[in-house]
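One structure is given here, and the rest of the page talks about it.
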Amino acid sequence: MSDAASIAKVQKEFWNSGATSRWVTEQARIDRLFARVTDAALAAAAPKRGERVLDIGCGTGTTLLRLAEAVGPDGSVLGVDISEQQLNLAHQRVASSGMKQARVVLDDAATHDFPPAGIDLAFTRFGVMFFADPPAAFANIRRGMKPGGRLALAVFRPGPENPWATASISAIRHLVAPPPLPGPEEPGQFSWGDPMRVRRILNDAGFREVALTPLNVSITLGADAAEAAEFAMFVGQGARLLNGVPEATRAAARTAFEGFFKQHEGPRGVSMPGGLWLVSALN
């Protein structure tokens, strides 16, 4: 098995495991967490009535439904994701919405067989940072896009610019080994943080007019430190580090997280900075 295939297999297993099941059960809460990012990403993408749209890594369907509403009944939106548990919820939400223009497919957008030259807009909110071979993945996506088709991506800037996701790890270093530093070409939450790498990936895939616009947001993790600590147990780096550890370790981590977030409580709860890129390009 090639390195890219091995990485893809690991990612598929992780996003279908118990470690990520709460992305389904806590869908509404996660949507609230990233609401400002979602609004900004969709505004930048500017889907139009009648367009054919691809939602890369559509997850539980939040952006899929927003895109479907924007393109209307004369358009169409295809959501592709490797997580069966998240797509099951997305499918239910699409059915409940009654929007016939939206559908989902369980597959990897990196290798999915898209009909050629049919996509007006390829969009994602956080759905591309874990591709095993990003240039190949985007070359595949581009083949399904019309000439002049638009690419619109929301991705995280480097970890230090996202303390909402990284700073609390210091509180549990005595309980679990720190996460290994990924190589510059390895997939990960912050693997699209380097603008030069982003441009290289998309240029190598055949895209043009690549542009990155910074988006700075305040991310509210909870109404208080206890809620923020509970959230850190299943979203972000903490969830990966604590996956599979004994329950006593998890309990100690929750206490440590709560002590950390106590320092960041304010009138509106626990809010911390988040830094993203809104990436655009043309086919």
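With hydrogens and angles disregarded, no donor-acceptor distance shorter than 3.5 Å links the side chain of Glu161 to the backbone of Arg157. Of the possible donor and acceptor atoms, none in the side chain of Thr249 sits under 3.5 Å from a partner among the backbone N and O of Val245. Not a single donor-acceptor pair under 3.5 Å links the side chain of Asn243 to the backbone N or O of Ala239. The backbone N or O of Ala45 sits less than 3.5 Å from a side-chain atom of Arg150, completing a donor-acceptor pair. Between the side chain of Ser97 and the backbone N or O of Met99 there is at least one donor-acceptor pair closer than 3.5 Å. At distances below 3.5 Å, at least one donor-acceptor pair connects side-chain atoms of Gln101 with backbone N or O atoms of Ala68. A donor-acceptor pair is defined here as one N or O able to donate and one able to accept, closer than 3.5 Å; no such pair exists between the side chain of Glu258 and the backbone of Ala225. A distance-only check finds no donor-acceptor pair linking the side chain of Asp55 to the backbone of Leu78 [under 3.5 Å]. Between the Thr60 side chain and the Val24 main chain, no donor and acceptor come within less than 3.5 Å of each other.
Pro163 and Pro273 make their closest contact through CD-O, 3.4 Å (heavy atoms, listed as atom of the first residue, atom of the second, distance). Of all the heavy atoms in Met272 and Ala167, the pair that sits closest is CE-CB, 4.1 Å. Closest approach of Leu282 to Gly148, counting heavy atoms only: CD2-O, 4.0 Å. Listed here is the closest heavy atom pair of Asp204 and Pro135: CB-CB, 4.3 Å. Of all the heavy atoms in Asn216 and Gly275, the pair that sits closest is OD1-CA, 4.3 Å. Residue Asp108 comes nearest to Val80 through the heavy atom pair C-CG1, 4.2 Å, listed as atom of the first residue, atom of the second, then distance.
Listed by chain and residue number, Leu87, Val104 satisfy the side chain to side chain contact (heavy atoms under 4.5 Å, CB included) test with Ala90 (two or more places apart in sequence, or in another chain). With sequence neighbours left out, the side chain to side chain contact (heavy atoms under 4.5 Å, CB included) criterion links Ser218 to Arg36, Ser271. With sequence neighbours left out, the salt bridge (charged side-chain N to carboxylate O under 4.0 Å, His left out) criterion links Arg250 to no other residue. For Asp120, the salt bridge (charged side-chain N to carboxylate O under 4.0 Å, His left out) test picks out Lys146, with sequence neighbours left out. Residues that satisfy the salt bridge (charged side-chain N to carboxylate O under 4.0 Å, His left out) test with Arg125, not counting sequence neighbours, are absent from this structure. For Asp39, the side-chain hydrogen bond (donor to acceptor under 3.5 Å, both in side chains) partners two or more places apart in sequence, or in a different chain, are Arg66. Residues passing the side-chain hydrogen bond (donor to acceptor under 3.5 Å, both in side chains) test with Glu186: none are found, sequence neighbours excluded. Here Asn283 pairs with Arg142 under the side-chain hydrogen bond (donor to acceptor under 3.5 Å, both in side chains) rule; sequence neighbours left out.
Contact check for Ser76 versus Glu51: no side-chain heavy atoms found under the 4.5 Å cut-off. Side-chain atoms of His112 and Asp107, non-hydrogen and from C-beta on, do get closer than 4.5 Å to each other. Between Arg49 and Pro73, the closest side-chain pair of non-hydrogen atoms falls below 4.5 Å. Using a 4.5 Å heavy-atom cutoff, the side chains of Leu276 and Val217 are in contact. At least one side-chain heavy atom of Ile30 sits under 4.5 Å from a side-chain heavy atom of Val235. Using a 4.5 Å heavy-atom threshold, the side chains of Asp224 and Val270 count as separate. Two residues are said to be in side-chain contact when any heavy atoms from C-beta on lie closer than 4.5 Å; Arg103 and Val94 fail this criterion. A 4.5 Å side-chain heavy-atom check between Leu42 and Phe123 finds at least one atom pair inside the cut-off.
Counted within 6.0 Å of NZ on Lys48, heavy atoms from surrounding residues, nucleotides or ligands total more than 12; the atom is thus considered enclosed.
Going from atom CG of Leu215 over to atom CG of Leu278 covers 5.0 Å, rounded to the nearest 0.5 Å. Taking CZ of Arg143 as the start and CZ of Phe114 as the end, the distance is 10.5 Å to the nearest 0.5 Å. One finds the CD1 atom of Ile56 at 10.5 Å from the OG1 atom of Thr63 (value rounded to the nearest 0.5 Å).
For the side-chain contact (heavy atoms from CB on, under 4.5 Å) with Val128, the qualifying choice from Val155, Ile141, Val198 is Val155, the only one to do so.
Pairs of residues two or more places apart, or lying in two chains, that qualify as ring-ring contact (aromatic ring centres under 6.0 Å, His included) and include a residue from residues 252-271 are Phe260-His264. Each salt bridge (charged side-chain N to carboxylate O under 4.0 Å, His left out) pair with one or both residues in residues 75-85, not counting sequence neighbours, would appear here, but there are none. Counting only residues at least two apart or in different chains, salt bridge (charged side-chain N to carboxylate O under 4.0 Å, His left out) contacts with residues 268-283 are absent. Residue pairs meeting the ring-ring contact (aromatic ring centres under 6.0 Å, His included) criterion with at least one partner in residues 141-172, sequence neighbours excluded, are Phe34-Trp164, Phe126-Phe156, Phe156-Trp164.
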Quiz prompt | Working for salt bridge (Lys or Arg N to Asp or Glu O under 4.0 Å), residues Arg29 and Glu230 | solution = CA-CA 12 Å; Arg29 187 173 170 189; Glu230 194 268 340; 2.7 Å; yes
Quiz item: Going through the distances and angles, do Trp192 and Ile201 end up as a side-chain contact (heavy atoms from CB on, under 4.5 Å)?
Solution: CA-CA 10 Å; Trp192 280 59; Ile201 288 170; 4.1 Å; yes
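Looking at Glu185 and Arg200, a side-chain N of the basic residue comes within less than 4.0 Å of a carboxylate O on the acidic one, giving a salt bridge.
At a cut-off of 3.5 Å, with distance as the only test, no side-chain donor of Arg93 or Asn88 sits close to an acceptor on the other residue.
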